[in-house]
Amino acid sequence: MPYTRLAGPLIDQIPAAIAVFDAKLRCVMVNARWLTQFPVPAADPVGHDCNGLIPNGCTLLRGYLERALAGESFSSEAAAPETSDGSKYWFRSHVAPWRDTRGKVRGAMLVCENVTAEMEQTLRTRVLKEELSLFVDSAEGFALALLDEQGQVTIWNSGAERLTGWRETEAVGQTYGFQFNAEDQAEGLPASQIDLARRNGVFRDRCWRMRKDGTRFRAEVIITRIEGDDVLPGGFGEVVRDVTSEEFQARSLEANAVLLRSILETIPEALVVIDISGRILLFSTTAEAMFGFSASEVLGRDVSMLMPERERKAHDGYMRHYRQSGESRMMGSKRRLIGRRKDGSEFPHTLQIAEAFGGGQQMIAGFMQDLSEKEAADAELEQLQRELAHISRVHEMGTLASTIAHELNQPLMAITNIVQTAADILKNGDPASRVVLAEALAEAGREALRAGDILRRLRGFLSRGDLEKTLEDPSKLAEDAVYFEAARARYRNIGCNVDCAAGIPPILVDRVQIQQVILNLTKNAIQSVGANGKVTVAITAEADQIRCTVSDTGPGVSPDRAARLFEPFSTTKTDGMGLGLPICRSIIEAHGGRIWYEPAPGGGAAFVFTLPHFTQENDDAQ
């Protein structure tokens with residue numbers, strides 16, 4: 001039959017491009033869809049070879065048609081022949097043989113579908129997915145995942161594998177909740193996070209997540225809602241970061257900051273930190289109390305504001321030299337300086353400085369201690385020492401005078417007796433001369449008697465003394481008395497301690513005189529022991545009196561010396577007067593006590609004195 005284009009209304013309605021070829025692969029028929037979907041070189045392809053049906057695709061189509069003529073029916077994958085202008089279109093083919101009524105193959109039928117738009121979308125989606133996966137996998141330190149609308153994992157990057165231990169093949173397809181422990185899953189925590197992201201567009205939180213091995217880690221989680229479009233489906237993007245160490249460090253830093261604040265509030269020394277230019281960076285609580293400034297008043301200001309005006313020029317020179325050379329003569333040493341308070345008053349303090357480095361910044365830390373009270377106490381103790389030395393000299397002179405009075409009393413009495421005897425003899429001689437001589441000798445006798453009486457009265461006054469008694473704590477009394485001697489003894493490596501039993505009642509004494517006794521006995525003990533020796537002042541309570549024992553670890557006292565210890569002018573010291581112990585005895589006896597010597601247990605010497613407890617009766621008796 002002649003070649004004509006068969007385009008019946010029924011075939012034209014079929015939603016596919018159809019072409020029919022005879023056994024020589026000449027086009028017998030095409031429908032209207034073919035003409036609209038494919039560019040056809042000829043105005044009417046009917047009667048033309050198949051090569052003119054699809055430009056540049058003839059070789060591919062001829063192969064399909066030849067297979068159909070051989071009796072094969074099949075469907076091809078999408079193909080994209082190149083066009084002359086460089087553009088590309090895609091088609092998918094379905095080929096079947098065309099048989100006559102006797103079953104003989106008379107030709108081939110080709111059904112083509114233009115899938116260019118579909119393939120371009122598929123390729124675009126694939127490229128986007130591959131680029132996204134590449135970006136996701138390259139995100140170091142982050143676990144990134146994509147979830148679909150139901151919360152199932154569709155992408156799982158290498159960072160997620162490293163962080164959780166689950167590989168991509170294990171994670172993809174699982175629901176979001178597999179990263180939570182059983183307790184969190186039971187409470188519905190995974191679903192609630194997804195719901196919050198769905199409603200709010202994003203979810204942020206720090207929570208606990210599980211690894212494959214069952215360990216937990218603190219995670220910073222961001223879940224973002226992804227709106228779907230024609231290319232990508234909707235779902236959620238999840239970013240997870242391990243902040244376990246970060247939170248631990250943050251807590252450690254917070255704890256260190258709290259500890260530092262606590263130290264700054266309680267450290268007994270004032271701490272002031274300055275930068276290399278002298279600006280104050282830190283001002284402790286003790287520094288606030290010492291200088292009278294609050295931290296807010298001094299931070300950022302020059303540290304010279306804490307110095308008297310006369311000291312600032314020298315300080316500026318020190319700082320300039322330190323900045324230029326990096327050398328400081330004061331670094332590490334402790335010096336006594338004068339500070340200036342907010343009210344303008346000045347006070348002494350120690351300063352010890354050290355270098356510090358932090359945050360790339362060089363700093364200088366100064367530790368200061370207020371010396372006002374210490375130096376005032378030292379001055380008071382020094383005054384006490386002067387008083388004790390003065391009392392000692394007075395007692396020495398008193399004892400000397402008492403001794404002189406005692407020694408001169410007998411000769412004066414003898415002189416008196418002799419003069420009186422001579423007067424009696426002369427009375428029996430020449431009346432004229434005897435009367436004059438008798439009167440002269442009588443007058444000499446009266447004067448000698450009067451001198452003896454004066455000496456006796458002086459001795460009695462000096463022996464009794466005038467006491468200014470106050471109620472004193474025995475322990476405090478002893479500690480104040482030996483303070484300086486104990487400090488000096490430490491340089492010779494001699495221990496000097498006060499050991500006072502608990503519950504010792506107060507005593508009514510002249511504080512200065514009793515401290516003079518303790519000091520005198522302690523000095524003698526320290527002088528008698530060598531290096532590494534020990535001196536102890538022990539105070540105990542007895543029935544109606546206290547007992548004070550000053551013992552040492554020295555050689556002790558020989559028996560022949562022990563009997564003469566309290567005699568005036570009895571001494572073994574080359575520069576001593578031998579009046580110390582007699583003075584001590586006079587003071588203790590004047591207080592109603594007693595003093596003596598005894599060997600110390602284990603060797604050494606022990607001087608013991610007692611004083612009565614304070615009672616209303618002995619107070620009235622005084």
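Everything quoted here is computed from the prediction, not taken from an experiment.
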Trainee: Treating Asp275 as the side-chain partner and Ser277 as the backbone partner, does any N or O pair qualify as donor plus acceptor under 3.5 Å?
Mentor: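 Between the backbone of Ser277 and the side chain of Asp275 there is a qualifying donor-acceptor contact (under 3.5 Å).
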Trainee: Nearest 0.5 Å, what's the CD-CD1 distance between Glu220 and Ile222?
Mentor: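 Going from CD on Glu220 over to CD1 on Ile222, the span is 5.5 Å.
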Trainee: Counting only heavy atoms not in Arg167, do more than 12 fall under 6.0 Å of its CZ?
Mentor: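 Counting other residues, nucleotides and ligands, CZ of Arg167 stays at 12 neighbours or fewer.
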Trainee: Might you work through the salt bridge (Lys or Arg N to Asp or Glu O under 4.0 Å) test for Asp184 and Arg216, ending with a clear yes or no?
Mentor: CA-CA 12 Å; Asp184 289 341; Arg216 294 199 311 167; 5.8 Å; no
Trainee: With side chains defined as the heavy atoms from C-beta onward, is the minimum distance between Leu144 and Glu238 less than 4.5 Å?
Mentor: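 No; the side chains remain at least 4.5 Å from each other.
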Trainee: Is it true that Arg310 and Glu346 have a side-chain N and a carboxylate O under 4.0 angstrom from each other?
Mentor: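 Judged by the 4.0 Å cut-off on N to carboxylate O distance, Arg310 and Glu346 do form a salt bridge.
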Trainee: Within the structure provided, determine whether Thr610 and Trp596 are in side-chain contact (heavy-atom separation under 4.5 Å).
Mentor: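 Contact flag for Thr610/Trp596 side chains = yes.
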Trainee: Working to the nearest 0.5 Å, report the span between CD1 of Ile226 and CG of Leu147.
Mentor: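 Reported to 0.5 Å precision, the distance equals 8.5 Å.
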Trainee: How about Phe347 and Phe291: are their ring centres within less than 6.0 Å of each other?
Mentor: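 Yes - the distance between ring centres of Phe347 and Phe291 falls below the 6.0 Å cut-off.
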Trainee: Judged by atom type as modelled, is there a donor-acceptor pair below 3.5 Å linking the side chain of Glu288 to the main-chain atoms of Ala295?
Mentor: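 Yes; judged by distance alone, with no hydrogens or angles, the pair exists.
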Trainee: Run the side chain to side chain contact (heavy atoms under 4.5 Å, CB included) test on Asp552 and Lys534 for me, step by step, so that the C-alpha distance in whole Å, both residues' side-chain angles and the decisive distance to 0.1 Å come before the verdict.
Mentor: CA-CA 6 Å; Asp552 61 62; Lys534 185 177 181 180; over 6 Å; no
Trainee: Does the distance from a Lys or Arg side-chain N to an Asp or Glu carboxylate O, for Arg162 and Asp242, drop under 4.0 Å?
Mentor: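 Between Asp242 and Arg162 there is no salt bridge, as every charged N stays at least 4.0 Å from the carboxylate O atoms.
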Trainee: Would Asn524 and Phe607 satisfy side chain to side chain contact (heavy atoms under 4.5 Å, CB included), going step by step from the backbone distance to the final call?
Mentor: CA-CA 10 Å; Asn524 290 344; Phe607 285 84; 5.9 Å; no
Trainee: Is there a side chain to side chain contact (heavy atoms under 4.5 Å, CB included) between Leu271 and Thr286? Walk through the geometry before answering.
Mentor: CA-CA 7 Å; Leu271 173 60; Thr286 307; over 6 Å; no
Trainee: So how far is it from Asp499 CG to Thr536 OG1, rounded to the nearest 0.5 Å?
Mentor: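 So the CG of Asp499 and the OG1 of Thr536 are separated by 7.0 Å.
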Trainee: Could you give me the CA-CA distance, side-chain angles and deciding distance for Phe178 and Trp156, then say whether ring-ring contact (aromatic ring centres under 6.0 Å, His included) is met?
Mentor: CA-CA 13 Å; Phe178 81 99; Trp156 188 256; 5.5 Å; yes
Trainee: Quick check on Glu542: does its CD atom have over 12 non-hydrogen neighbours (other residues, nucleotides or ligands) under 6.0 Å away?
Mentor: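 Yes, because the 6.0 Å sphere around CD of Glu542 holds more than 12 heavy atoms from other groups.
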Trainee: Less than 4.5 Å apart, any side-chain heavy atom of Leu351 and any of Arg336?
Mentor: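 The answer is no; the side chains never approach within 4.5 Å.
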Trainee: With heavy-atom distances below 4.5 Å as the criterion, would you say the side chains of Leu337 and Glu311 are in contact?
Mentor: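 Answer no - side chains too far apart.
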Trainee: Does the side chain of Arg225 come within less than 4.5 Å of Phe203's, by heavy atoms?
Mentor: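 Counting from C-beta outward, Phe203 and Arg225 never come under 4.5 Å.
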Trainee: Tell me whether the NZ or CZ atom of Arg218 lies within the 45° cone about the ring axis of Trp208 and under 6.0 Å from its centre.
Mentor: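 Yes - Arg218 lies over the ring of Trp208, closer than 6.0 Å to its centre and within 45° of its axis.
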Trainee: Go through Arg312 and Glu309 one step at a time and tell me if the salt bridge (Lys or Arg N to Asp or Glu O under 4.0 Å) criterion holds.
Mentor: CA-CA 6 Å; Arg312 296 179 183 177; Glu309 186 70 33; 3.1 Å; yes
Trainee: Is a salt bridge present between Arg547 and Glu598, judged by a nitrogen-to-oxygen distance below 4.0 Å?
Mentor: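 Glu598 and Arg547: salt-bridged.
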Trainee: Search all heavy atoms of Leu477 against all heavy atoms of Gln515 and return the closest pair with its distance.
Mentor: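 Scanning both residues, the minimum pair turns out to be O-NE2, 3.3 Å.
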Trainee: Would you say Arg206 has more than 12 foreign heavy atoms packed within less than 6.0 Å of its CZ?
Mentor: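 Yes - once you tally the heavy atoms of other residues, nucleotides and ligands closer than 6.0 Å, there are more than 12.
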Trainee: Hey, are Ser158 and Glu161 close enough side-chain-wise for a donor-acceptor pair under 3.5 Å?
Mentor: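 Distance-only check fails for Glu161 and Ser158.
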Trainee: For the side chain of Thr215 and the backbone of Arg211, is there at least one donor-acceptor N/O pair under 3.5 Å apart?
Mentor: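 Answer holds: no.
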Trainee: What are the two closest heavy atoms between Cys548 and Ile539, and how far apart are they?
Mentor: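 Closest approach of Cys548 to Ile539: SG-CG1, 4.2 Å.
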Trainee: Is the closest side-chain donor-acceptor distance between Ser475 and Asp473 under 3.5 Å?
Mentor: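 Looking only at side-chain atoms, Asp473 and Ser475 do not form any donor-acceptor pair under 3.5 Å.
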Trainee: Where do Pro474 and Pro506 come nearest, in terms of heavy atoms and distance?
Mentor: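 Result for this residue pair: CD-CA, 4.2 Å.
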Trainee: What closest approach, in Å, do Val298 and Ile280 show between heavy atoms, and which atom pair accounts for it?
Mentor: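 Reported closest heavy-atom pair: O-CB, 3.6 Å.
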Trainee: What's the separation between atom CD in Glu269 and atom OG in Ser284, rounded to the nearest 0.5 Å?
Mentor: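 So the gap between those two atoms works out to 9.5 Å.
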Trainee: With rounding to the nearest 0.5 angstrom, report the CZ to CD1 distance, Arg199 to Ile194.
Mentor: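 Nearest 0.5 Å value for the CZ-CD1 distance: 11.5 Å.
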Trainee: So, does Gln185 use its side chain to make a donor-acceptor pair with the main chain of Gly177 at under 3.5 Å?
Mentor: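 Side chain of Gln185 to backbone of Gly177: a pair is present.
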Trainee: Looking at Ala219 and Arg209, what are the two nearest heavy atoms and their distance?
Mentor: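 Where Ala219 meets Arg209 most closely, the heavy atoms are CB-CG, 3.7 Å.
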Trainee: Passes side chain to side chain contact (heavy atoms under 4.5 Å, CB included), Ile546 versus His613? Steps please.
Mentor: CA-CA 7 Å; Ile546 70 157; His613 288 168; 3.5 Å; yes
Trainee: Determine whether Arg511 and Glu472 make a side-chain contact, defined as any pair of heavy atoms from C-beta on separated by less than 4.5 Å.
Mentor: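 Answer yes - side chains close enough.
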Trainee: Is the closest side-chain heavy-atom distance between Val239 and Val221 below 4.5 Å?
Mentor: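 In short, these two side chains do not touch, never coming nearer than 4.5 Å.
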Trainee: Arg320 and Asp316: salt bridge (Lys or Arg N to Asp or Glu O under 4.0 Å), yes or no, with the steps?
Mentor: CA-CA 6 Å; Arg320 185 165 52 252; Asp316 292 341; over 6 Å; no
Trainee: How many angstroms lie between atom CD1 of Ile518 and atom CD of Gln513, to the nearest 0.5 angstrom?
Mentor: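 The distance works out to 12.5 Å.
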Trainee: Taking the six-membered ring of Phe236 (Phe, Tyr or Trp), confirm whether the NZ or CZ of Arg198 is under 6.0 Å from its centre and within 45° of its axis.
Mentor: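 Ring-cation test returns no.
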Trainee: Of all the heavy-atom pairs spanning Ala606 and Thr549, show the shortest one and how long it is.
Mentor: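 That closest heavy-atom pairing would be CB-CG2, 4.0 Å.
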Trainee: Does Ser372 offer a backbone N or O that forms a donor-acceptor pair with the side chain of Asp370 under 3.5 Å?
Mentor: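 Indeed, once roles are kept as given, a pair shorter than 3.5 Å links the two residues.
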Trainee: Would you say the side chain of Phe283 lies within less than 4.5 Å of the side chain of Leu306, judging by non-hydrogen atoms?
Mentor: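 Leu306 vs Phe283: side chains touch.
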